[in-house]
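In this text, all values refer to a predicted model and were calculated from it rather than measured experimentally.
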Amino acid sequence: MKPLLVLGSSNIDHIAQMAAFPQAGETLHGERYHRAYGGKGANQAVAAVKSGAPTHFISAFGDDSAGGELRAHLESLHIDCGGSKTVADSTGMAMIWLNRAGENSIVVIAGANAALDAAHVEAEQARIAAAGLLLLQLETPLEGVIRAAAIARAHGVRTILNPAPAAALPPELLANLDLITPNETEAERLTGIAVQDENSAARAAANLHAQGVPTVLITLGSRGVYASADGHGTLYPAYRVQPVDTTAAGDTFNGALAAALLRGEPLARAIAWGQAAAALSVQTLGAQPSIPDAAATTAFLQDHS
């Protein structure tokens, strides 16, 4: 099997748990602090490898102790980081506030991730060409994301974009995608359509099709996933679980979805696999520590079939 290639960010997460988010000018006592590995790219790579996909990762680590620690952690999970680089900067960082409802508020400091530019992507062209599937996000410079998608298209490599954090995207990037996975906020940013229900999700998906994306999955949180492809739209309801921490739910869904598609699963089954992995992830604290392995996801699907 050709590998899944993830290009994206790698961070150290600093997580503060609290009863409720503070208002402007307010000081509150936190309930717990912990440090974890994160970053959208790294999270999605971990979700993919835990779902059984041979996974390669292109990222940028700082030349600090955190960068070496993070790279060693990913390689211990058998993620090939050979296409990544170490730069003279601090490793990326995320500051995460988490309330008792499992909701989060996040500030990301790019650090070394800012070095994942078009020049580095160009230097790794052979890795992209050899991939079975390319998975992208938007926590690294857009120029690198655009170049990676163009290289993938030139070599016939299917490309998935998780357009997070929300941003306006140029037509040339959208035209080189096979699948896009926005949430409601990201879909509105890309289409101008407020996604509030299944009907508005269908309109947003049609808009993205018109911009050149063949397959659109709009994630709707607890309501599920609206999938549109080949002129047909379907709402896949979410599994009902009690969330503890939703920090890596979207990343887990995307990495697990990509792994399932890489092994040849049809879209409906790949969505179910991604939803099951995400449902498991929100029941555990932390980003990467919450991501389930293939055995756990399989058992969850069997229990909820």
Side-chain angles (χ1 to χ4, degrees), residues 4-9 39-48 51 53 133-140 142 145-146 148-149 152 157-169 173-191 193 195 198 200-209 211-230 232-239 246-262 265-279 281-282 291:
L4 170 67
L5 177 60
V6 182
L7 184 145
S9 59
K40 283 194 167 297
N43 291 346
Q44 292 180 19
V46 170
S51 282
L133 188 66
L134 174 66
L135 177 58
L136 304 166
Q137 325 80 33
L138 299 176
E139 272 190 344
T140 56
L142 184 58
V145 174
I146 292 169
V157 178
R158 292 179 298 163
T159 300
I160 300 172
L161 173 67
N162 173 221
L169 298 177
L173 174 57
L174 293 170
N176 284 329
L177 302 178
D178 295 281
L179 192 155
I180 194 167
T181 63
N183 63 18
E184 302 105 308
T185 302
E186 294 148 7
E188 182 175 0
R189 183 70 180 272
L190 292 170
T191 67
I193 297 168
V195 177
E198 187 174 348
S200 54
R203 294 196 302 275
N207 182 288
L208 288 165
H209 291 320
Q211 294 186 65
V213 187
T215 303
V216 177
L217 306 185
I218 300 178
T219 57
L220 304 172
S222 62
R223 288 173 291 171
V225 175
Y226 181 82
S228 181
D230 301 321
H232 301 285
T234 304
L235 179 65
Y236 295 87
Y239 296 106
T246 60
T247 300
D251 294 336
T252 300
F253 173 79
N254 278 276
L257 170 83
L261 291 173
L262 183 72
E265 298 284 3
L267 183 62
R269 288 175 61 181
I271 290 171
W273 182 268
Q275 287 181 304
S281 76
V282 302
I291 298 171

Minimum heavy-atom distance Pro182-Ala187, with the two atoms named: CB-N, 3.6 Å
Could you grab the distance from atom OG1 of Thr252 to atom CG of Leu257, nearest 0.5 Å is fine? 12.0 Å
For side chain to side chain contact (heavy atoms under 4.5 Å, CB included), just list the numbers for Val157 and Leu5, CA-CA rounded to whole Å, side-chain angles, deciding distance to a tenth of an Å, and then say yes or no. CA-CA 10 Å; Val157 178; Leu5 177 60; over 6 Å; no
Smallest separation among heavy atoms of Ala53 and Ala259, with atom names: CB-CB, 3.7 Å
When rounded to the nearest 0.5 angstrom, what distance separates CG in Asn254 from CG in Asn43? 10.5 Å
Under 3.5 Å donor-acceptor, Glu188 side chain and Thr185 backbone: no
Say whether, by atom type as modelled, one donor and one acceptor occur between the side chain of Asn162 and the main chain of Thr181 under 3.5 angstrom. yes
Just verifying a value: how many Å separate Glu186 CD and Thr219 OG1, rounded to the nearest 0.5 Å? 6.5 Å
For side chain to side chain contact (heavy atoms under 4.5 Å, CB included), just list the numbers for Val195 and Tyr226, CA-CA rounded to whole Å, side-chain angles, deciding distance to a tenth of an Å, and then say yes or no. CA-CA 11 Å; Val195 177; Tyr226 181 82; over 6 Å; no
Taking all atoms of both residues into account, what is the closest heavy-atom pair of Ser9 and Thr140, and its distance? N-CG2, 3.6 Å
Heavy-atom donor-acceptor pair, Asp230 side chain to His232 backbone, under 3.5 Å: no
Please report the shortest heavy-atom distance between Val216 and His209, naming the atom on each side. CG2-CE1, 3.6 Å
Spacing of CD1 belonging to Ile218 relative to CD1 belonging to Ile193, to within rounding of 0.5 Å: 8.5 Å
Between Gln275 and Tyr236, is any pair of side-chain heavy atoms under 4.5 Å apart? yes
To check you understand the geometry: which heavy-atom pair defines the closest contact between Ala249 and Val282, and what is its length? CB-CG1, 3.5 Å
When Val6 is tested against each of Leu135, Leu134, Ile160 for side-chain contact (heavy atoms from CB on, under 4.5 Å), which residue passes? Leu135
Does the Thr215 side chain pair with the main chain of Ala229, one donor and one acceptor, at a distance under 3.5 Å? no
So how far is it from Thr191 OG1 to Gln211 CD, rounded to the nearest 0.5 Å? 7.5 Å
Please determine whether side chain to side chain contact (heavy atoms under 4.5 Å, CB included) holds for the pair Ile271 and Thr234, giving the CA-CA distance in whole Å, both sets of side-chain angles, and the decisive distance to 0.1 Å. CA-CA 11 Å; Ile271 290 171; Thr234 304; over 6 Å; no
If you round to the nearest 0.5 Å, how far is CG of Leu190 from CG of Leu169? 5.0 Å
Is the backbone N or O of Ala48 less than 3.5 Å from a side-chain atom of Ser51, with the two atoms forming a donor-acceptor pair by type? no
Answer yes or no: is there a donor N or O on one side and an acceptor on the other, between the side chain of Asp251 and the main chain of Gln44, under 3.5 Å? no
Under the criterion side chain to side chain contact (heavy atoms under 4.5 Å, CB included), I'd like the reasoning laid out for Thr159 against Asn176: C-alpha separation, chi angles, the key distance, then a yes or no. CA-CA 8 Å; Thr159 300; Asn176 284 329; over 6 Å; no
Heavy atoms of Leu261 and Ala270 approach each other most closely as CD2-CB, 3.6 Å
Has the side chain of Glu139 got a donor or acceptor atom that lies under 3.5 Å from a matching backbone atom of Lys40? yes
